[in-house]
J.: 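Okay, here's the structure, questions in a sec.
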Amino acid sequence: MSDEYVLVCVAWPYANGPLHLGHVAGCYLPPDIQFRFERALGNRVLMVSGSDEHGTPITVTAEQQGISPQAVVDTFHAINTKALHDLGCMWSSNVDSRGVEYGGALFNRTSDPDHKALVQTNFQALEQAGLFERKTMEQYFEVDPSGGGRFLPDRYVEGTCPACDESGARGDQCDACGATYEAVELKSPISKMNPDAKVEIRETEHLFYRLDLFQEALEQHAADRHPYWKSNVRAMTKQWLDMGLRPRAVTRDLDWGISVPLEGETWNGKCVYVWFEAVQGYFTCANIWAERFASEHPDGTDAWKRWWTMDEEGRSPRHLYFLGKDNIPFHTIIWPAIILGLNHAKNGRTADEPVVLPGPGDYVLETNVPAMEYLMLAGGQFSKSRKHAVWLPSFLERYDPDTLRYYLTMNMPENHDTDFNWPDFVEKVNAELIAAYGNFVHRVLTLGDRLPREAGKSPFEPYASDETLSVHQRRVEEMLEEVTGSLKAHRFKEALRGLMNVAQYGNQILQSAAPWKHLKEPQDGHEESFATLGFCWRIARFLSITTQPFLPMSAQRLWQALGQAGQVEHVLWEESVAWETPFTWSDAPPTPLFDRLDLEEILATEEGLVEHDPSEDTSAVHGVKGGKKSGGKNMKGEAPEGIEYVDFDTFMKVNLRVGKIIKVEDHPNADKLYVVRLDDGTENGRTICAGLKAYYAPSEMEGKLVVFVENLAPRPLRGVTSEGMMLAADDGDGNVRLITVDGDVSTGSTVR
RNA sequence: AGCGAGGUGGGGUAGUCUGGAUAUCCCGUCGGGCUCAUAACCCGGAGAUCGAUGGUUCAAAUCCAUCCCUCGCUACCA
């Protein structure tokens with residue numbers, strides 16, 4: 001039996017929205033499988049993660065909803081914690097059932113005061129070791145007339161382009177002319193969040209982490225990990241290293257976060273940048289776990305060190321990080337650089353001394369980073385974007401979590417993006433999970449139920465041994481070895497497929513043994529046939545133990561149906577092939593492990609939900625810690641439920657008119673846009689940019705009478721000014737058609 | 001347009017880094033069997049010039065070059 005120390009690190013979900021199935025497939029299901037598997041091997045496993053709760057996007061959501069940032073993160077921390085629990089993830093067992101020396105799990109949060117304190121301690125240590133440098137920058141500052149104000153992140157500033165004088169240019173790039181510039185070069189800047197406020201440029205001081213000092217050590221580390229890393233991890237890391245590492249800002253002008261723990265006026269109102277802080281959660285969470293749950297551990301509150309430091313003999317705990325692809329550089333470059341920096345500081349070295357890889361007593365770097373690609377929710381040409389807006393909490397309200405765990409494992413984006421869709425979900429669950437595995441188990445139980453048995457005993461007892469079984473035993477042992485190998489290499493899809501093959505093997509030997517014939521009327525060879533059936537019971541037990549990491553709920557149901565005592569998640573992996581284990585039996589009548597799914601019913605339900613789903617932003621939000629996209633996507637916040645009314649006057653402000661499409665050309669500088677010349681009834685006509693490239697050929701559009709908005713403010717779109725907007729219908733299924741006029745009417749006619 | 005990923009029988013995939021013989025597995029399909037089991041199970045067949053072209057090599061799905069196409073992110077949008 002193995003008893004390594006294994007730290008399972010799970011990317012910290014950003015507490016600015018609920019988790020969706022993409023997150024589950026990418027970051028949350030794989031580590032739970034790994035955690036359960038490592039425990040079953042006998043290893044000492046600690047699993048750490050939590051809500052990432054700081055940063056600008058959360059303050060924006062709070063501001064929009066008129067609540068405090070703390071209220072925002074409290075809400076989503078609660079929702080996500082519950083959803084992960086309902087999915088069967090083992091976060092609720094803070095202390096391992098075998099005893100605290102075997103580890104446990106903690107789903108913490110970055111607003112935890114202990115996290116803050118530890119981050120501040122680390123920050124000071126790095127600062128004292130000289131691993132930060134100080135720079136003065138210019139940034140926009142929104143002045144509050146009643147005194148004070150705040151610095152604005154680039155993306156919350158808008159202004160006039162210094163190159164082409166177009167208005168509406170963003171902080172770092174102009175859409176109209178494509179120029180890029182420093183944000184402070186914008187003319188007449190305004191704050192997006194607060195357009196009326198006065199905005200000025202102010203100097204601000206910040207600290208930068210000297211990533212450049214770690215270049216060599218990280219290159220060495222990457223070379224060392226090369227054989228184990230997946231290709232996406234290697235590629236992404238190489239790209240960063242090849243560009244050359246540069247100092248990176250670790251402080252921000254923001255008040256929602258962990259305040260900079262340094263003396264001096266300069267640092268008032270400044271926070272540790274989230275990327276630098278949340279990632280330390282892997283470390284702080286282990287500390288906090290020991291503090292709160294490990295009092296029984298021989299090492300007490302130092303218990304965490306078992307999972308974090310190399311021992312005197314040079315043995316390291318194994319560190320596995322589970323995350324989505326957008327987070328790779330954070331975990332192969334930035335976080336290792338911070339760990340190396342902490343070692344450097346701890347060992348009393350300074351910035352002038354070379355950085356070295358961890359030695360005995362030091363914190364260790366990652367063993368592997370099995371990063372996933374994305375599960376697409378809105379991808380693919382046939383995808384129904386609305387229907388793919390599958391949020392984890394609402395999914396779990398309606399379906400068996402194991403069906404989701406099965407499908408997402410089989411469809412896991414291990415090597416490239418994959419797609420979630422309902423027909424595929426239903427088919428895989430019905431045809432593979434239920435038909436092969438569920439049905440096999442049910443056959444064994446119902447057949448066994450028809451054999452005579454003494455009360456409280458197993459019907460297979462008379463058939464316990466038969467020389468024909470050794471072939472089957474060896475075959476199943478071989479298959480187990482393959483599955484174990486797959487799981488050790490984090491190949492979850494392959495591992496679960498291997499288990500389904502064991503179920504298939506069971507079906508095969510059952511088929512050739514044909515015990516049903518002997519049940520009707522015992523014939524020659526009935527003992528061998530029933531012995532094979534008995535072995536199928538053992539295969540079912542094997543499957544209960546080995547599917548447990550993947551399908552914990554149904555594994556436990558099966559465990560009970562087999563008459564086995566206790567929790568299958570406490571049973572060791574190698575127990576699955578303990579062929580001498582006494583037979584047991586449950587006197588409860590056998591019931592199927594799963595219910596079949598009905599596609600039409602599901603589509604009808606999901607369709608119904610679409611109507612009430614307020615989030616128009618259904619594209620995949622892979623908003624996990626570190627991903628720069630999370631903020632942008634969620635800036636709109638979660639729209640309130642129901643419909644927002646506009647009054648009649650507001651509606652009448654929109655002038656709709658009829659125009660005729662004269663000419664359609666490709667936009668010179670945009671993928672999705674046409675430049676459309678419209679006869680709008682005036683002499684000059686007008687030009688409209690329309691994002692119809694995916695839906696119409698130019699020839700299809702030319703000559704059509706369409707409805708357009710006459711008084712929409714003109715706006716440059718990637719270099720061409722669009723004067724208005726043509727109306728089109730969108731069914732949300734990727735089908736977009738222009739609104740045309742029934743019969744002839746002169747151009748310029750009003751539409752009411 | 002910038003960045004990233006990918007094109008393998010009807011669909012989905014493994015194999016590609018580390019070249020090697022009949023290219024893997026699942027679903028579907030066709031034929032047969034079974035009838036214990038949730039329209040389930042078992043056996044067998046058909047079906048792929050591995051996106052295109054050129055190159056390196058005794059040997060290319062795999063290495064190199066060029067091209068085509070798709071997808072995601074960013075930008076943008078009906």
Side-chain angles (χ1 to χ4, degrees), chain A residues 170 173-175 178 180 226-227 229-232 234-236 239 325-326 328 373-374 376 378-383 410-411 413-419 423-424 427-428 430-432 434-436 438-450 491 493-494 497-498 500-501 503-504 506-520 533 536 590-597 619-620 622 627-629 632-633 667-674 676 688-696 706 708 715-720 722 725-730 735-739:
Chain A
R170 289 169 309 122
Q173 189 181 9
C174 172
D175 291 333
T180 57
H226 186 271
W229 279 351
K230 300 207 298 188
S231 61
N232 56 355
R234 291 201 290 247
M236 208 86 89
Q239 210 187 338
K325 62 177 166 187
D326 55 337
I328 290 170
E373 300 285 319
Y374 287 151
M376 290 304 159
Q381 62 265 53
F382 298 110
S383 69
M410 283 313 211
N411 208 12
E414 288 175 332
N415 297 306
H416 48 76
D417 295 349
T418 58
D419 204 53
D424 195 41
E427 183 188 291
K428 286 224 161 63
N430 281 347
E432 298 176 22
I434 299 182
N439 185 47
F440 166 68
V441 166
H442 196 53
R443 293 173 86 182
V444 173
L445 294 176
T446 50
L447 285 166
D449 205 40
R450 289 171 53 187
R491 299 158 76 115
K493 206 186 282 205
E494 189 178 86
R497 170 69 57 207
M500 291 300 122
N501 288 342
Q504 185 181 33
N507 273 320
Q508 283 165 355
I509 65 178
L510 202 53
Q511 186 70 25
S512 64
W516 48 89
K517 284 184 185 160
H518 300 282
L519 277 169
K520 275 183 194 147
L533 179 57
C536 286
T591 51
L593 274 185
F594 306 99
D595 293 326
R596 278 181 68 83
L597 300 174
S619 53
H622 297 283
K628 58 181 186 301
K629 279 137 325 206
K633 288 282 185 188
H667 191 294
N669 191 28
D671 272 359
K672 296 184 182 172
L673 300 183
Y674 280 132
V676 178
I688 292 180
C689 292
L692 291 170
K693 227 165 173 174
Y695 315 106
Y696 281 95
V706 296
F708 68 95
R715 196 193 150 119
L717 295 176
R718 296 199 72 80
V720 176
S722 182
M725 170 170 144
M726 296 188 294
L727 300 190
D730 180 353
N735 204 10
V736 174
R737 308 310 295 175
L738 281 166
I739 307 290

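Convention: sequence-line order gives letters A, B, ...; per-chain numbering from 1. All values derive from a computational prediction rather than experimental measurement.
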J.: May I have the distance from A:N232 (atom CG) to B:U16 (atom P), rounded to whole angstrom?
T.: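 A:N232 atom CG is separated from B:U16 atom P by 14 Å.
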J.: Take A:K517 and A:F594, find for each the nucleotide of RNA chain B with the closest heavy atom, and name the residue whose nucleotide sits nearer the 5' end.
T.: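 Closest to the 5' end, via its nearest nucleotide, is A:K517.
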J.: Would you please name every residue forming a side-chain hydrogen bond (donor to acceptor under 3.5 Å, both in side chains) with A:D417, sequence neighbours left out?
T.: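 A:D417 satisfies side-chain hydrogen bond (donor to acceptor under 3.5 Å, both in side chains) with A:K325 only.
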J.: Begin with the C-alpha distance, continue with both residues' side-chain angles, and end with the deciding distance and a verdict on side-chain contact (heavy atoms from CB on, under 4.5 Å) for A:I688 and A:F708.
T.: CA-CA 9 Å; A:I688 292 180; A:F708 68 95; 4.2 Å; yes
J.: If you measure from the P atom in B:A5 to the same atom in B:G10, how many Å do you get, rounded?
T.: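 The same atom, P, in both gives a distance of 28 Å.
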J.: Rounding to the closest angstrom, what is the interatomic distance between B:U29 and B:C71 at atom C1'?
T.: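 Pairwise C1' distance, B:U29 against B:C71, rounds to 28 Å.
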J.: Any idea which heavy atoms bring A:A436 and A:A503 closest together, and the distance?
T.: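 Looking at all heavy atoms of both residues, the shortest contact is O-CB, 4.2 Å.
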J.: For every nucleotide of nucleotides 39-45 of chain B, 5' to 3': is a protein heavy atom under 4.0 Å from its base (B), only from its sugar-phosphate (S), or from neither (-)?
T.: -SBSS--
J.: For nucleotides B:U35 and B:U24, find the distance between their P atoms and express it as a whole number of Å.
T.: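 To the nearest whole Å, 33 Å.
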J.: So, is A:N415 close to the B:A14 phosphate, meaning a side-chain N or O under 4.0 Å from OP1 or OP2?
T.: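 Checking A:N415 against B:A14: at least one side-chain N or O falls below 4.0 Å of OP1 or OP2.
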J.: Without decimals, in angstroms, what is the distance between A:E432 CD and B:C25 C1'?
T.: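 Rounded to whole Å, this separation is 10 Å.
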J.: Could you walk me through whether A:L738 and A:L727 satisfy the side-chain contact (heavy atoms from CB on, under 4.5 Å) test, starting with their C-alpha distance in whole Å, then the side-chain angles of each, then the deciding distance to 0.1 Å, before giving a yes or no?
T.: CA-CA 6 Å; A:L738 281 166; A:L727 300 190; over 6 Å; no
J.: Using a strict 4.0 Å threshold on nitrogen-to-oxygen distance, state whether A:E373 and A:K230 make a salt bridge.
T.: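 The answer is no: the pair does not qualify as a salt bridge.
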J.: Provide the distance between the two C1' atoms, one in B:G54 and one in B:G72, to the nearest whole Å.
T.: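 Comparing C1' positions in B:G54 and B:G72 gives a spacing of 30 Å.
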J.: Do you know which two heavy atoms are closest between A:L533 and A:G448, and how far apart they sit?
T.: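 The pair with the smallest heavy-atom distance is CD2-N, 4.2 Å.
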J.: Please identify each residue that fulfils side-chain hydrogen bond (donor to acceptor under 3.5 Å, both in side chains) with A:N501, with sequence neighbours left out.
T.: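 Counting only residues at least two positions away or on another chain, A:N501 forms no side-chain hydrogen bond (donor to acceptor under 3.5 Å, both in side chains).
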J.: For A:H416 and B:C71, what is the distance between atoms NE2 and C1' respectively, to the nearest whole Å?
T.: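 Between C1' of B:C71 and NE2 of A:H416: 11 Å.
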J.: When you check every protein heavy atom under 4.0 Å of nucleotides 61-66 of chain B, what one-letter string (B, S, -) results, 5' to 3'?
T.: ------
J.: Of the non-hydrogen atoms in A:Y374 and A:P413, which two are nearest, and what is the gap between them?
T.: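 Reported closest heavy-atom pair: O-CB, 3.5 Å.
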J.: Could you say whether A:P227 or A:A235 is positioned toward the 5' end of RNA chain B, judged by the nucleotide with the nearest heavy atom to each?
T.: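 Closest to the 5' end, via its nearest nucleotide, is A:A235.
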J.: Checking all strands, does A:M500 fall into the base, sugar-phosphate, or nothing category for heavy-atom contacts under 4.0 angstrom?
T.: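 Result for A:M500 = nothing.
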J.: Specify the separation, in whole Å, of atom CZ of A:R491 and atom C1' of B:A14.
T.: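 Rounded to the whole Å, the gap is 8 Å.
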J.: Check the pair A:Q504 / A:E432 against side-chain contact (heavy atoms from CB on, under 4.5 Å), numbers first and verdict last.
T.: CA-CA 10 Å; A:Q504 185 181 33; A:E432 298 176 22; over 6 Å; no
J.: Using the P atom as the point on both nucleotides, what is the distance between B:C69 and B:G32, in whole Å?
T.: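 Each nucleotide's P atom is 46 Å from the other's.
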J.: Roughly how far apart, to the nearest Å, are B:C50 and B:U22 at atom C1'?
T.: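 It comes out at 16 Å once rounded to the nearest Å.
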J.: From the set B:C36, B:U38, B:C25, return the single nucleotide nearest to any side-chain atom of A:T446.
T.: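 In terms of side-chain proximity for A:T446, the closest of B:C36, B:U38, B:C25 is B:C36.
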J.: Rounded to whole angstrom units, what separation is found between the CD atom of A:E373 and the P atom of B:C71?
T.: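 Atom-to-atom, A:E373 to B:C71, this comes out as 17 Å.
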J.: Output all residues satisfying side-chain hydrogen bond (donor to acceptor under 3.5 Å, both in side chains) with A:N430, sequence neighbours left out; order by chain, then residue number.
T.: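 side-chain hydrogen bond (donor to acceptor under 3.5 Å, both in side chains) check on A:N430 returns nothing, list empty.
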J.: Using every non-hydrogen atom in the two residues, find where A:R596 and A:I434 come nearest and quote the distance to one decimal.
T.: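 For A:R596 versus A:I434, the nearest heavy atoms are CA-CD1, 3.7 Å.
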J.: Considering only atom P, compute the distance from B:G6 to B:U38 and round it to an integer number of Å.
T.: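 Each nucleotide's P atom is 44 Å from the other's.
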J.: In which ranges does RNA chain B form stems of 3 or more consecutive Watson-Crick or G-U pairs, distances under 3.5 Å?
T.: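 Stems for RNA chain B, defined as runs of 3 or more consecutive pairs: B:1-7 with B:68-74, B:10-12 with B:25-27, B:29-33 with B:41-45, B:51-55 with B:63-67.
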J.: Rounded to the Å, how far apart are A:K493 NZ and B:U13 C1'?
T.: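 To the nearest whole Å, that distance equals 7 Å.
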J.: Looking across every strand, which nucleic acid part, if any, lies under 4.0 Å from A:L519 by heavy atom: base, sugar-phosphate, or nothing?
T.: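 Result for A:L519 = nothing.
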J.: Rounded to whole angstroms, how far apart are NZ on A:K325 and P on B:C71?
T.: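 Whole-Å distance recorded here is 14 Å.
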J.: To the nearest 0.5 Å, what is the distance between CG (A:L597) and CZ (A:F594)?
T.: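 Between A:L597 CG and A:F594 CZ, I get 10.5 Å after rounding to 0.5 Å.
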J.: Side chain of A:K520 only, heavy atoms from C-beta on: which candidate in B:G15, B:C36, B:A5 is closest?
T.: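 Selected nucleotide (nearest to the side chain): B:C36.
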J.: Distance between the P atoms of B:U57 and B:G12, in whole angstroms?
T.: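 That atom pair is separated by 37 Å.
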J.: Please state how far atom NZ in A:K428 lies from atom C1' in B:C26, giving the value in whole angstrom units.
T.: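 Atom NZ in A:K428 sits about 7 Å away from atom C1' in B:C26.
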J.: What pair of heavy atoms forms the shortest contact from A:D424 to A:N411, and how long is it?
T.: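 Taking every non-hydrogen atom into account, OD2-ND2, 4.1 Å.
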J.: Of the candidate nucleotides B:C26, B:C36, B:G6, which contains the atom at the shortest distance from the side chain of A:W516?
T.: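 Between B:C26, B:C36, B:G6, the one nearest the side chain of A:W516 would be B:C36.
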J.: Looking only at heavy atoms, what is the nearest atom pair of A:R443 and A:N507, with distance?
T.: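 A:R443 and A:N507 have their closest heavy atoms at NH1-OD1, 2.7 Å.
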J.: Remember a base hit wins even if backbone is also touched, and classify A:L593 as base, sugar-phosphate or nothing at under 4.0 Å, heavy atoms.
T.: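 The residue A:L593 makes base contact.
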